[in-house]
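Basis for what follows: all heavy atoms, side chains included, without hydrogens, waters or symmetry-related copies.
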Amino acid sequence: MARTSVFMTDKTWPDLDIEKDIFAASGLDIDLALSEGGMPEKICREGKDCDILMVLFTPMGRRHLDMFSRCRALIRMGIGTNSVDLDFAGKKGIQVANVPDYCQEEVADHTLALFLELTRKVGVLNRDVRKGHWEMSIADPVPRLRNLTFGLWGCGGIGRLAGRRAAAFGMRVVGHDPFLPAETFEAHGIARRTDLDSFLAEADVVSLHAPLTPATENMVNEKTLGRMKPSAYLLNSSRGKLIDEEALYAALKNGSIAGAGLDVLREEPPAGVHRFCEFENCIITPHAAWNSTEAIPELRIKAAEEVVRFLKTGRVKNLVNKDALAF
């Protein structure tokens, strides 16, 4: 069997021991190369003759993919695939896979952490005590969490885990996801809401758990924000472009929602201090929800296993561009 060339585009880990061990154990003849780094075009030229791509941060638009003449599979080392031109990859015969089932627990935990900070204001109180004060009222108003309605806009794996955590606090969990059957909601104890306007009007918390697609971009906008309660909170640990930031800024400024907890922004990192930081009721973290000591090796293992699976079977497991491929 001919030696297979695998090219990793992003110089992120201190070594490639995890990937090399998995490749060695497979019994396959795999040559793994790591990019020297630089601008996307430079990285793509460096790996242009590879058979398989492993991609973390480097964008793979049409002009980037067009540089690869032999590539048969692209493993996106993460959940989101909006940085890859899936249609063009399919036209070139490149199977694209992601790693959809890593860091789900972490993102669900972080989502609830954002919500707890917005409502319980532990950080606000801690900072005030460190200044020598002892005044609990600076956190007011503090809602009782039990019996609040936690709304999942998107009820995939991470959304369901976030719902389970919300339910543990005594909150009612409702969900809106037109792509899932009623049985999925029932199996996970989520009250299904098919009408978006009614869902938004009912929820005390609207938590976004959707992929970024042309259909979901700006799904939170002036209209949908206007359907929410003035006492409701918005959470986003999915993708920044799900939110029209002009509309959210206006909603925070005029008080038409109670606050927002964001782990993602439209532009990452922002150019300087983001203007949302002027609002005390808006919390921003730097796309950190996925991070844990366990999540990074889990991602690397599953991505490397996907490479081995493709080489042994000719198919990736988590195929995301099936419609664009010939088979």
Side-chain angles (χ1 to χ4, degrees), residues 103-126 128-129 135-178 180-210 220 224-225 227-238 242 251-252 255-264 279-285 288-290 292:
C103 81
Q104 292 188 338
E105 300 279 349
E106 287 83 354
V107 178
D109 291 343
H110 199 90
T111 299
L112 267 293
L114 290 170
F115 175 62
L116 291 172
E117 177 56 32
L118 281 170
T119 52
R120 298 300 309 177
K121 305 181 182 69
V122 173
V124 171
L125 293 166
N126 173 61
D128 200 54
V129 169
E135 179 53 63
M136 67 179 183
S137 65
I138 63 166
D140 291 341
V142 179
R144 175 178 287 178
L145 302 187
R146 179 168 293 279
N147 297 326
L148 290 182
T149 298
F150 196 95
L152 302 170
W153 195 347
C155 299
I158 294 172
R160 295 194 293 265
L161 288 171
R164 187 184 304 171
R165 284 152 173 74
F169 283 93
M171 289 183 270
R172 295 174 58 250
V173 181
V174 302
H176 175 77
D177 192 324
L180 293 179
E183 299 78 48
T184 301
F185 292 84
E186 294 169 7
H188 294 277
I190 302 169
R192 186 186 188 201
R193 299 292 184 263
T194 57
D195 181 73
L196 177 59
D197 287 349
S198 299
F199 162 78
L200 293 171
E202 177 183 6
D204 297 298
V205 187
V206 174
S207 188
L208 308 183
H209 301 283
V220 175
T224 52
L225 286 165
R227 296 286 189 269
M228 291 172 58
K229 298 177 182 178
S231 58
Y233 298 89
L234 176 70
L235 307 175
N236 188 12
S237 54
S238 294
L242 298 179
L252 291 168
S256 60
I257 63 170
L262 311 173
D263 184 54
V264 288
F279 303 112
E280 287 293 328
N281 60 340
C282 182
I283 299 169
I284 303 173
T285 53
W290 64 275
S292 75

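- Heavy-atom minimum distance, Leu252 versus Ala260: CD2-N, 4.2 Å.
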Dump the intermediate steps for side chain to side chain contact (heavy atoms under 4.5 Å, CB included) on Ile190 and Thr184, then the final yes or no. CA-CA 8 Å; Ile190 302 169; Thr184 301; over 6 Å; no
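- Rounding to the nearest 0.5 Å places CE of Met171 at 6.0 Å from CG of Leu112.
- Taking NE2 from His176 and CZ from Phe185, the interatomic distance works out to 8.5 Å, rounded to the nearest 0.5 Å.
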Let me see the working for Asp128 and Val124 under side chain to side chain contact (heavy atoms under 4.5 Å, CB included), right down to the final yes or no. CA-CA 6 Å; Asp128 200 54; Val124 171; 5.7 Å; no
Let me check something: any side-chain donor-acceptor pairs from residues 135-143 under 3.5 Å, sequence neighbours excluded? List them with distances.
{"from": "Glu135", "atom 1": "OE2", "to": "Ser137", "atom 2": "N", "distance (Å)": "3.0"}
{"from": "Glu135", "atom 1": "OE2", "to": "Ser137", "atom 2": "OG", "distance (Å)": "2.6"}

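- When the options Asp177, Leu234, Val174, Leu200 are evaluated for a side chain to side chain contact (heavy atoms under 4.5 Å, CB included) with Trp153, the one that passes is Leu200.
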Tell me, with the steps shown, if Leu116 and Val122 meet side chain to side chain contact (heavy atoms under 4.5 Å, CB included). CA-CA 8 Å; Leu116 291 172; Val122 173; over 6 Å; no
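- Of the candidates Ile283, Thr119, Leu262, Ile284, Ile283 is the only one forming a side chain to side chain contact (heavy atoms under 4.5 Å, CB included) with Leu114.
- Listed here is the closest heavy atom pair of Asp263 and Ser237: CB-CA, 4.1 Å.
- Using a 4.0 Å cut-off between charged nitrogen and carboxylate oxygen, Arg164 and Glu105 do not count as a salt-bridge pair.
- Contact between Ala162 and Ala108 at its shortest, heavy atoms only, is N-CB, 3.6 Å.
- In this structure the side chain of Thr285 never reaches within 4.5 angstrom of the side chain of Glu117, judged on heavy atoms.
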Which is it for Phe150 and Leu235 under the side chain to side chain contact (heavy atoms under 4.5 Å, CB included) test, yes or no, and what are the steps along the way? CA-CA 10 Å; Phe150 196 95; Leu235 307 175; 4.0 Å; yes
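- Among the candidates Arg172, Lys229, Arg227, the single residue satisfying the side-chain hydrogen bond (donor to acceptor under 3.5 Å, both in side chains) test with Glu202 is Arg172.
- Residues Val206 and Phe199 share a closest heavy-atom pair of CG1-CE2, 4.5 Å.
- For Asp204 (side chain) and Leu148 (main-chain N/O), no donor-acceptor pair under 3.5 Å exists by modelled atom type.
- Using a 4.5 Å heavy-atom cutoff, the side chains of Arg165 and Phe115 are not in contact.
- Smallest separation of non-hydrogen atoms from His209 and Ser238: CA-OG, 3.2 Å.
- Considering all non-hydrogen atoms of both residues, Ala166 and Val173 come closest at CB-CG2, 4.2 Å.
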